[in-house]
Amino acid sequence: MPLPAIETPATSVPPQILLANHLKALKLPAFARDYEKVAMEAAGDRADYPKYLLRLCELERIDRERRSIERRIRQARFPHTKSFDTFDFAAQPSLNKALVLELARCDWIDKRRNVIALGPSGTGKTHTALALGLAACQRGHSVAFATAAALVHELMEARDERRLRRAQKHLASVKLLIIDELGYVPFTAVGAELLFEVLSQRYERGSTLITSNLPFDEWTSVFGSERLTGALLDRLTHHVHILELNGDSFRLATSRKRQKRSTPENGGAA
Ligand code: ADP
Ligand code: MG
């Protein structure tokens, strides 16, 4: 097969301009940005041409990896970025730290297992879910994050606009679906069915992480139907890691501490 013709440029065009063009067409932005700087470094170190090219290739790959992590984080639609670096495990002794750190390595996502985080408000469920979601993005997994209420709303809207299949397809295709705050708002019968369908479509195909303030025996109050809840729990808990966060509310504890510090009789400065 003949090689594709590359337009022979007018000789007057400076090579830097041509190079910038080719590198853009080849999608090598780190090459384009760094080739001069790396060339100077290579000259200083007396590195040969293969070493010079190797350094540029390494920079391009590092840059590409960083860009794809950023893209996955954007596509996940996290409401905030949280990581385990800012999570105080000592403040939540009921949470199994060893298990959480193991989950942050994301093997459970490769195995298509699920995680359910249970506990009252303010105990760090969303923080944990966001940090596991971030870890998944960093390890190369596609993630989608939504509260249960928003997800059901989105599905209902998609159904009304006759694009339910597309929405379902997207939700079935991500490696990790995070559904936050299941339990605060009960669903309508249609909403419950739509969420059930999504979870069924993901069964053994991808991982789902759910956070809830309700213990399992109260999930019927959210889904409205005992039959549906039973079938759903059956699928979700077939391969599951359960995280229990039963300590005090972190919000409450920190605001109490803050108040104590700012009360003059406690000797604290405002
Ligand atoms: P939940 O989802 O269980 O209601 P959140 O995860 O939203 O609780 O936590 C409430 C706030 O407290 C968030 O800002 C979160 O980052 C913070 N927080 C909760 N637990 C911890 C913890 N153990 N260490 C650090 N910050 C925490
Ligand atoms: Mg929460």
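Just follow the structure's listing: the first ligand is 1, and inside any ligand the first atom is 1. The first residue in the sequence is number 1, and the count goes up from there.
Among protein residues, K82, T86, F87, D88, P120, S121, G122, T123, G124, K125, T126, H127, F250, R251 come within 4.0 Å of ligand 1, judged on heavy atoms.
Checked by atom type, the side-chain pair R165/Q168 shows a donor-acceptor distance below 3.5 Å. Side-chain polar atoms of T211 and D180 form a donor-acceptor pair below 3.5 angstrom. If you check the side chains of S94 and Q92, you find a donor sitting under 3.5 Å from an acceptor.
A side chain to side chain contact (heavy atoms under 4.5 Å, CB included) with T128 holds for exactly one of L209, L103, L243; it is L243.
The aromatic rings of H239 and Y203 sit parallel, their planes meeting at an angle under 30°, below the 60° perpendicular limit.
Counting backbone and side-chain atoms alike, T211 contributes no N/O/S atom closer than 2.8 Å to the Mg ion (ligand 2).
The closest side-chain heavy-atom distance from L19 to Y35 is below 4.5 Å.
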